[in-house]
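Working notes, beginning with the structure itself.
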2 protein chains.
Amino acid sequence: MAKLQQLDRNSVVPLHYQIQQRLLALIQAGEFEAGQPLPPIQEIAARLSVSHMTARQAIKALCDLGVIYSKQGVGTFISGIKLEKNFRQVLSFSEEMESRGSRPSSRVLSFKVRRPTASVIETLRLQPNEEVVELKRVRSANSLPMGIECSTIPLRLCPDLPTTFDPRGSLYRELADHYGMNMAVADEIVEIGLAGSKEAGLLKISKGSPVFLFTRTSYIQNGQPVEFVRATYRGDKYKIVSRLTRIDRSLLTLTANRQ
Amino acid sequence: MAKLQQLDRNSVVPLHYQIQQRLLALIQAGEFEAGQPLPPIQEIAARLSVSHMTARQAIKALCDLGVIYSKQGVGTFISGIKLEKNFRQVLSFSEEMESRGSRPSSRVLSFKVRRPTASVIETLRLQPNEEVVELKRVRSANSLPMGIECSTIPLRLCPDLPTTFDPRGSLYRELADHYGMNMAVADEIVEIGLAGSKEAGLLKISKGSPVFLFTRTSYIQNGQPVEFVRATYRGDKYKIVSRLTRIDRSLLTLTANRQ
DNA sequence: AAGTGGTCTAGACCACTCG
DNA sequence: GAGTGGTCTAGACCACTTG
C-alpha cells in the first residue's frame, strides 16, 4: 500500500536510518492513519530488500520516539501521539525562541573572567583556583524582555571565549562550533520567586511580581559539567511546555533491590 | 577485569536485557570509574558467549539511558552522568512523593460523573454527550498541603471507576490495575498564577501568593488521551526537578525540510 | 495454524582512531 | 596495522495473538 521509496545503498547514511526517515516521513505526511497498522516488518524488509533485523532496528527507533508502538504477535501501529518539536529539551534560549518562532535577542550586562563561588566550584567540579567565564544577559523575544540569565563556564574548557566570542550571539553555538562541546543532558530546578527591584527594572515588570527561577547545570556526553546557569524569567510572559515520558522503572530500581 | 556474571540461558528475560542489567549493576556499584572504558564489545560478547549483535544491543540501550557513551573506533566509556530516579517523568502525585521519600495523602473535595467543558471535550477527544469522571483533591506530603488537583477522565474508558475506586488512593494505580491503562506520555504546561481566596484556604497560604499552575494531558501508548489535569501547587513548597535530554534534531526537522 | 513481533547467531565488512 | 564500534545479512527459533 505505502509508497516506500527504495533505499540508497551507496549512501553513507545507514540503511536502518534511511528506513526510519522514510517511515517517519510517510507517517507525518498522513499516509497512515492513527491506530492503523504499519506493514509487517517482514514485508518492509522484503520490499526494501534488507534483512529482518535491519528493518526492525528502524521500527525500534520509532517506537522509542513514541510515534509508533508494537504489540507482540499482533502488529505495529501508529500512535496518535504527535512528534512535537516545541518541547523542552536541552536548548539554549536562542534555540528555544527560534523553535517557537520568536526572534531572540540579547542585551549583555556583563562578560568577564572571575573566581567562582563555592557552589559553582562544586557543581562544575572545578580545581582550586580555577577561573570561570561569567556572562550575564537580558534575553528578549521579539524585543520583549523575557528573562535574565547568568551563565558560568570553566575557563579551562574554552580558554579563548573571552576574546573571540561575541556575547550577543548564541553561547551554545560557540561552544559547539569552536570547542566541540555539545550539551547532552541538563539538570534543572524550577522554583517561584519574586522580582527584586533590579530585576524588575531589567524585565520591565513591577517589583514583587512572581517570576520563574531556573537553576540549570548542563553536561556534555562524557558527564563533564560545562555550564551552570541561574536565570529569572517573567511569570507573566513565560511558560514551560514539556513532554514527559515514562522510562523503564525496572532498571531504576536495580540499586534499590541489590544491596 | 570485571566480574561479569554468566547469563541465565533458560530465563525468559532476553539475553541482551540481562547483559544490560549486569553492566548497569557493575557501573552503579562503582566497578568502573567515570571516564574509564568498558571492555570492548567483542570481549563482552566472548566472555558471555553471545554474539556481537546481542552484546551491542545492551550497549546501545545503556547509551540511550546516558550512563555510557561510545566513540567509534575508540571504545565505550562510562559517562559521569548519574542515572537519577528523582527526575520528572510521567508520575502520579503519589509516585512522585514516594520517590522523593515523602508520605503522600489526599483529601477528596469532590468525585463525580459530569458533563465535560468544551476544552476538555477537545483535549480528551470526546464524542458529543460523552460523560467524564472528575476528581478534585487536595494533595499533601507528610500532612502538609502541597497542591490542588482536578483530574478528568472519560467515563467510557473506566465505567466502574465511580463505584469501585476509593478516591483517596492512587488514581494511576487504579487505571493500570483495573483497566490496563499505563500512561506513556504526558504533555504539560507550567505557568505562574496567584492563589485565589478559595485555593489559599485549602493550601493554607495567604491569598495572592504565587503558585504553579499545571495543565497536563496524559496519554497511553496508542495515543489515546486518558487524563486531563488542572493543578495548583504552592509556590513556596513545591519545586520542579527535571532532567532534559537532547534528541536527534535531524528527525524533527524532517517536516520542515520536506516540501 | 498462520501471522506477527522479538531474540539470537555467526560471520562479514566498513569506518574510525591511534600509535 | 591493529583494535574499536557500527552496520548488515540470512536464517533460525521463540512467544504471542487471532481466527
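All of these numbers come straight from a predicted model, not from anything done at the bench. Chain A is the first sequence line, chain B the second, and so forth, proteins listed ahead of strands; every chain is numbered from 1. Just the heavy atoms: all of them, side chains too, but no hydrogens, waters or symmetry mates, feed the values below.
- Judged by distance alone, with hydrogens and angles left aside, the side-chain atoms of Y219(B) form no donor-acceptor pair with the main-chain N or O of D187(B) at under 3.5 Å.
- Phosphate contact (OP1/OP2 of dT7(D), side-chain N/O of T54(A), threshold under 4.0 Å): absent.
- Distance, R9(B) CZ to dT7(C) C1': 11 Å, rounded to whole Å.
- Heavy atoms of H52(B) sit under 4.0 angstrom from at least one base atom.
- The distance between atom CD of Q57(B) and atom P of dC8(D), rounded to the nearest whole Å, is 15 Å.
- What separates CD1 of I68(B) from C1' of dT4(D) is a distance of 14 Å, to the nearest Å.
- In this structure, L161(B) CG and L155(B) CG are separated by 8.5 Å, a value rounded to the nearest 0.5 Å.
- Comparing dG11(D), dA10(C), dG5(D) by their nearest atom to the side chain of T76(B) picks out dG5(D).
- Taking only side-chain atoms of Q42(A), from C-beta outward, the nucleotide of dG5(C), dC8(C), dG5(D) with the closest atom is dG5(C).
- Atom pair Q18(B):CD and dG6(C):P shows a separation of 18 Å (rounding to whole Å applied).
- Looking at which nucleotide of DNA chain C each of S51(B) and S70(A) is closest to, the 5′-most match is held by S70(A).
- Using a 4.0 Å heavy-atom distance criterion, V12(A) is classed as making no nucleic acid contact.
- Relative to the side chain of V74(A), the nucleotides dT17(D), dG6(C), dT7(D) differ in distance, and dT17(D) lies closest.
- Within a 6.0 Å sphere centred on CZ of R168(A), other residues, nucleotides and ligands contribute 12 heavy atoms or fewer.
- Backbone-only contact: L15(B) has heavy atoms under 4.0 Å from sugar-phosphate atoms and none from a base.
- As rounded to whole Å, 13 Å separates atom C1' of dG5(D) from atom NZ of K71(B).
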Review point. When you look at V67(A) and Q28(A), which way does the side-chain contact (heavy atoms from CB on, under 4.5 Å) test go after all the steps?
Key: CA-CA 9 Å; V67(A) 294; Q28(A) 293 190 326; 5.8 Å; no
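- For V50(A), the side-chain atoms get nearest to dT9(D) when compared with the rest of dG6(C), dC8(C), dT9(D).
- Going from atom CG of L38(A) over to atom P of dT4(C) covers 13 Å, rounded to whole Å.
- Each of dT7(C), dT7(D), dG6(D) was ranked by its minimum atom distance to the side chain of M53(A); first place goes to dT7(C).
- Rounded to an integer number of Å, the gap from CD of Q36(A) to C1' of dT4(C) is 16 Å.
- Note: CZ (R56(B)) to P (dT4(D)) measures 15 Å, nearest angstrom.
- Surrounding CD of E122(B) are at most 12 heavy atoms belonging to other residues, nucleotides or ligands under 6.0 Å away.
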